[in-house]
Structures are given as structure tokens and as C-alpha cells.
Amino acid sequence: MLNLSLLSVFVPTFLLVSLTPGMCMTLAMVLGMTQGVRRTLWMMVGELAGVGLVAVASGAGVATLMLRQPELFAVFKWLGGAYLIYLGVMMWRSRGRMAVPDELGTQARAGRRELAVQGFVTAVANPKGWAFFVALLPPFLDASRPLAGQLAVLVALILTIEFLALVIYATGGQTLRHLLGQSRNVRLLNRIAGTLMVGVGIWLALG
């Protein structure tokens with residue numbers, strides 16, 4: 001299906017890119033802090049669905065069509081960014097279901113659908129993600145072989161690596177939550193998480 005020599009280059013390349021801090025990884029860390037790793041898995045489901053969609057669309061050349069309609073893409077980015085900024089402000093004020101309550105044992109939980117949608121929107125509305133896949137995938141696709149099979153293998157690898165990176169970031173966020181929680185600095189935790197969320201929203205809207 002794919003040349004092994006190409007795979008030996010693709011895997012470390014994408015692993016490095018996935019581990020680099022970005023919108024989705026920051027979101028995973030924030031939710032790891034405020035929701036815990038297990039609840040953050042629902043965001044990962046949506047994020048991986050979005051990443052898979054972007055990867056397949058980019059590999060199939062659909063990204064070119066989106067670039068011809070930048071107005072629609074801009075609207076989607078602004079709506080997604082505004083939503084994340086709103087969540088960040090609520091967290092900074094220690095309000096809303098994403099914020100950590102003063103008593104960690106009574107932590108409010110965001111809905112599974114809300115988390116999944118949040119992950120999906122962040123992945124699909126990320127212009128850097130589209131640009132990355134448009135630039136990365138073509139060199140690893142062999143025109144002399146069936147495209148569908150090659151794309152399936154690459155997307156499977158991408159989602160596996162992306163999932164591992166998300167878990168690493170969410171676990172780091174949960175660890176930070178416990179450290180700050182032990183020091184009774186929950187308000188500081190909410191402000192850190194809220195600031196990061198607002199930053200992701202601004203990045204998404206203006207990126």
C-alpha cells in the first residue's frame with residue numbers, strides 16, 4: 001500500500017508536529033485541567049473526527065475548493081473562535097460548566113456532546129491544520145498506486161499519533177490541576193485555563 005521508506009519518514013515527522021503545542025493540544029490540556037482525562041476523551045472523539053475529515057479532504061483536493069470560498073471559511077473560524085473565547089471568559093470568572101469549582105469533589109461536568117462539538121469545531125476550523133495537511137500529504141502519496149488505500153493508511157497513522165499526543169497533553173493538564181488543587185489555588189487554575197482557552201479562541205479567529 002505504502003512504501004516503507006516513506007512511512008519511516010512520515011511517522012516521526014507527524015509525531016513531532018502533533019507534539020508541538022497548538023490549538024487542539026492546548027484545548028486538551030485545558031480540559032484535562034478542568035474536566036479530567038476521562039471526560040476529555042469525548043473532546044478527543046470530536047477532534048479526531050475533525051482531523052480525519054480535514055486529512056481526507058486535503059488528500060482528495062477538497063481544500064482547494066475551500067480556498068476559493070474564503071468568506072465561508074472565515075465565518076466558520078470567527079464563530080468557533082467566539083465560542084471558545086466565551087468559554088474562556090466564563091472559566092476565568094470561575095463560572096460555567098468548564099470551570100473547576102472551589103470544591104474539587106463537586107466538579108461540574110460539561111456534556112459529552114458539548115465536548116465532542118468543541119473538539120470537532122477546533123479541528124475543522126483550524127486553517128493551519130488545512131495548510132499543514134495540504135503541504136504534508138501529497139509528498140507521501142504515490143500517483144501510481146490506488147489513492148484510497150494509501151490515504152486510509154496515512155489517516156489511520158495520523159489519528160493514532162494525534163490521539164497519543166492529546167492524551168499526553170490532557171494528562172499534563174490533569175496533573176497541573178491536582179498540584180494547584182492541593183495548594184487551594186483553584187481560582188488561579190481557572191484563570192490559567194480560561195486564559196489559555198481565550199488564547200485558543202483568538203488564535204482560531206485570527207489565524
Side-chain angles (χ1 to χ4, degrees), residues 17-51 54 70 72-104 106-132 162 165-181 183-207:
V17 172
S18 290
L19 290 175
T20 301
M23 287 169 46
C24 294
M25 296 306 144
T26 302
L27 181 61
M29 184 174 66
V30 168
L31 293 180
M33 294 165 65
T34 60
Q35 298 293 308
V37 175
R38 294 185 65 179
R39 296 292 296 179
T40 304
L41 290 174
W42 290 101
M43 182 282 290
M44 296 181 194
V45 170
E47 196 271 348
L48 292 175
V51 167
V54 172
L72 293 178
F73 193 61
V75 170
F76 192 46
K77 283 200 307 170
W78 276 99
L79 290 176
Y83 174 62
L84 295 181
I85 291 171
Y86 166 77
L87 290 178
V89 171
M90 293 296 289
M91 291 166 65
W92 205 90
R93 299 174 63 190
S94 297
R95 297 181 180 179
R97 287 180 293 175
M98 293 293 181
V100 178
D102 293 334
E103 297 295 332
L104 295 180
T106 62
Q107 179 178 344
R109 290 188 174 185
R112 296 174 177 177
R113 180 179 299 179
E114 180 181 1
L115 292 170
V117 169
Q118 192 174 357
F120 182 82
V121 168
T122 302
V124 174
N126 181 6
K128 291 182 176 63
W130 285 95
F132 170 75
E162 184 80 356
L166 288 168
V167 170
I168 290 173
Y169 272 82
T171 302
Q174 187 176 54
T175 300
L176 179 61
R177 170 185 182 272
H178 289 315
L179 290 175
L180 291 178
S183 302
R184 297 181 180 179
N185 289 323
V186 176
R187 182 178 296 275
L188 174 61
L189 173 61
N190 278 328
R191 290 186 175 182
I192 292 174
T195 300
L196 289 172
M197 185 73 80
V198 170
V200 172
I202 294 174
W203 188 2
L204 177 60
L206 302 179

Rounded to the nearest 0.5 Å, what's the gap from [atom1] on [X] to [atom2] on [Y]? Could you check?
X    : Y    : atom1 : atom2 : result
T40  : Q174 : OG1   : CD    : 8.0 Å
M90  : I85  : CE    : CD1   : 14.5 Å
M43  : L48  : CE    : CG    : 8.5 Å
L166 : M25  : CG    : CE    : 4.0 Å

*Between Q118 and L27, what is the shortest heavy-atom contact and its length?*
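Looking at all heavy atoms of both residues, the shortest contact is NE2-CD1, 3.4 Å.
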
*If you take all heavy atoms of E162 and E47, which pair is closest and at what distance?*
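Of all heavy-atom pairs spanning E162 and E47, the closest is OE2-OE2, 2.7 Å.
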
*asked:* For T34 and L31: C-alpha separation, side-chain torsions, deciding distance, then whether side-chain contact (heavy atoms from CB on, under 4.5 Å) applies.
replied: CA-CA 5 Å; T34 60; L31 293 180; 4.0 Å; yes

_Verdict with reasoning, W92 to V198, per side-chain contact (heavy atoms from CB on, under 4.5 Å)_ = CA-CA 9 Å; W92 205 90; V198 170; over 6 Å; no

*Taking C-beta and beyond as the side chain, do T175 and M33 meet within less than 4.5 Å on heavy atoms?*
no

*Does C24 offer a backbone N or O that forms a donor-acceptor pair with the side chain of T122 under 3.5 Å?*
no

